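Report on the following structure.
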There are 2 protein chains.
Amino acid sequence: MTPAVETILEDLERATGAEDLQCLIESLRDHFDVDHMVYHWVNSNGDQYGCGTYSDAWVARYLEKDYLRIDPVVSGCYQRFHPVDWKRLDWSSRAVRSFQLDAIHHGVGNQGFSIPIRGPNGQFAMFTVSHNTDDDSWAAFIEAYRRDLILIAYYFNQKALEFEPGRSPEPTPALSPREVDAMTLLAIGYSRGQVAQTLAISEHTLRVYIESARFKLGAHNTTHAVARAMSRGLIVV
Amino acid sequence: MTPAVETILEDLERATGAEDLQCLIESLRDHFDVDHMVYHWVNSNGDQYGCGTYSDAWVARYLEKDYLRIDPVVSGCYQRFHPVDWKRLDWSSRAVRSFQLDAIHHGVGNQGFSIPIRGPNGQFAMFTVSHNTDDDSWAAFIEAYRRDLILIAYYFNQKALEFEPGRSPEPTPALSPREVDAMTLLAIGYSRGQVAQTLAISEHTLRVYIESARFKLGAHNTTHAVARAMSRGLIVV
DNA sequence: CTTATCCTCGCTATTATTGGGGAGTTGGAA
DNA sequence: TTCCAACTCCCCAATAATAGCGAGGATAAG
């Protein structure tokens, strides 16, 4: 690890507010000499927060067009543990391609590298580096700094979580074992009757679990409750 | 980062099987000169996998007693993003204290440092370093190696995920845009009526999407379809 | 011993979802 | 052009889920 990165991490640890993060990400961009560096945070309610060096116009357009839904970087990171090089994603569909053109038109680099980061309760964020350059230079850059970037992403997310207390530590809705059972079996496709039979309880009892899980998760219906339990990592299917 | 750690990470990247991981974690323990180093992988179905340097007797006892349920290291890591020093956990309850005594009796160190790691689909693992020493030495050790350990934990989990056949590479049936919309809105708690209104289509039409999505996903009902769409990363919620 | 949480079971009534049909339009691909 | 997949709309009857009440026993923590 380069000494400069040590310094950066120490600056990160000293950061005391969201403004510091914005400054830091800008100096990070300058330090690595790339076009853009972005931290982008999403949660299960669809809230987003981000800081970075993309133009305001692009951020506004991204939100306006709801690009989150089709951005292959997002879905790619969401499914993987590894950092992803944008080149290895699927850009073939028409909607995605027009998104890509729009992005480049707004100054996003043709190369990119995004690191998925995950926290408790299904928290999910991405740390992205983007630049305009040829494939070989980019590969060399990633090869050289991959580990630094991973560590920076990790520390960055840690700080971002501290500064956004209203979002991540939602009233931790630890489910009881029976509630977890119920949610899990529903998530794998069992009907109420089958779940009750599997758990060897009456359907009335089962309903109490589903409703209390729904209440704890702040969900409107069973499907919502299962979705939340999944996205918060309370059940694994 | 020490050069030796670079070497370790490169060894990690070259690992091709679970046995390599076991060897590596033993050499890691020797390199850092600590009593124990353990990688522990859990999901809420109760499946576990681990490798490390704890005694077989302790691992067997841990499983037998179902200590996973009361281990404050597990629950502490599960709720946090930061690595946790065991000292900062709550050991006050009766059950936890007897667990702690049992652990120390089986050769687990009095000091410990555990790093939570999370992957897609609620995957959760911990990378733990444990040692027998006084508080000051331990604090100095952690201060010195925290970043190395985080990076090692990250790479270690990456490899462990590769070797774990738990993830079935089922051919993912792409959903149509409208189907994605429907699944997404259902996942965030909308009722059919609300979804139809949001998408500005009739409820009858909506039902066609839901059913075709259900068919494509091989799901038994709507809840199942949403759960599958989520776990396959087809929708981001 | 008190409080709290969990687990278990019951009723009635209303609303939402599902399964079985069928049918017309569009836009892109072969 | 022809074909296909996607998008849109409709009916009817059966089934599943939800909302509102209720209650008792077990287990564990403070």
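In what follows, chains carry the letters A, B, and so on, assigned in the order in which the sequence lines appear, proteins first and then strands, with residues in each chain numbered from 1. Here the structure is a predicted model, which is why all the values come from computation and not from measurement.
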Response to the item:
Between A:G193 and B:A95, the residue closer to the 5' end of DNA chain D by nearest nucleotide is A:G193
Worksheet item: Does A:K65 have any salt bridge (charged side-chain N to carboxylate O under 4.0 Å, His left out) partners at least two apart in sequence or in another chain, and if so, which?
Response: none
Discussion item. Once you apply a heavy-atom cut-off of 4.0 Å, does A:R192 come out as touching a base, just sugar-phosphate, or nothing?
Written reply: base
Discussion item. Walk me through whether A:F81 and B:Y154 qualify under ring pair (Phe, Tyr, Trp, His ring centres under 6.0 Å).
Written reply: CA-CA 10 Å; A:F81 178 77; B:Y154 180 92; 4.9 Å; yes
Worksheet item: Does a side-chain N or O from A:S176 land closer than 4.0 Å to OP1 or OP2 of C:dT5, or not?
Response: no
Worksheet entry | Which nucleotide in D:dA17, D:dC7, C:dC7 has an atom nearest any side-chain atom of A:T222 | D:dA17
Worksheet item: Are A:Y209 and C:dT8 close enough that a side-chain N or O sits under 4.0 Å from OP1 or OP2?
Response: yes
Response to the item:
B:H220 atom NE2 is separated from D:dA16 atom P, nearest whole Å, by 14 Å
Worksheet item: Taking atom C1' of C:dT18 as reference, at what distance in whole Å does atom OH of A:Y190 sit?
Response: 20 Å
Practice prompt. Calculate, to the nearest 0.5 Å, the distance between atoms SG and CD1 belonging to B:C51 and B:I25 respectively.
Written response: 4.5 Å
Worksheet entry | Whole angstrom value for the distance that separates P of D:dA16 from CG of A:N221 | 18 Å
Worksheet item: Excluding sequence neighbours, so at least two apart, what forms side-chain contact (heavy atoms from CB on, under 4.5 Å) with A:Q197?
Response: none
Distances under 3.5 Å only, N/O to N/O: pair up the protein atoms with those of nucleotides 9-14 of chain C.
residue, atom, partner, partner atom, Å
C:dC9, OP2, A:S202, N, 2.8
C:dC9, OP2, A:T205, OG1, 2.9
C:dC11, N4, A:R207, NH2, 3.2

Worksheet entry | Spacing between A:E211 atom CD and D:dC21 atom C1', to the nearest angstrom | 12 Å
Item to complete: Applying side-chain contact (heavy atoms from CB on, under 4.5 Å), name anything that partners B:S212, two or more places apart in sequence or on another chain.
Response: B:E179
Worksheet item: Could you state the CH2-P distance from B:W91 to D:dA29, rounded to the nearest angstrom?
Response: 16 Å
Practice prompt. Measure from CG on B:L186 to C1' on C:dT17 and round the result to the nearest Å.
Written response: 11 Å
Worksheet entry | Ring centroid separation A:W41 to A:F156 under 6.0 Å | no
Practice prompt. On DNA chain D, check which nucleotide each of A:I210 and B:L175 is closest to and give me the residue with the more 5' one.
Written response: B:L175
Discussion item. When you measure from the side-chain N and O atoms of A:K216 to the phosphate of C:dC6, is any distance below 4.0 Å, counting only OP1 and OP2?
Written reply: yes
Worksheet item: Once you round to the nearest 0.5 Å, how far does CG of B:L217 lie from CE of B:M230?
Response: 13.0 Å
Worksheet item: side-chain hydrogen bond (donor to acceptor under 3.5 Å, both in side chains) with B:D71: which residues, sequence neighbours excluded?
Response: B:Y62
Worksheet item: So B:F99 and B:Y67, would you call those rings parallel, tilted or perpendicular, with 30° and 60° as cut-offs?
Response: perpendicular
Worksheet entry | Nearest-Å distance for atom pair CZ/P, residues B:F215 and C:dT18 | 16 Å
Item to complete: Do nucleotides 24-30 of chain C as a string where each nucleotide becomes B, S or -: B if the base has a protein heavy atom under 4.0 Å, S if just the sugar-phosphate does, - if no protein is that close.
Response: ----SS-
Discussion item. Any base atoms under 4.0 Å from B:S212, or only sugar-phosphate, or nothing? Heavy atoms, all strands.
Written reply: nothing
Worksheet item: For the residue pair A:Y78 and A:F124, does the interplanar ring angle fall in the parallel (under 30°), tilted (30 to 60°) or perpendicular (over 60°) class?
Response: perpendicular
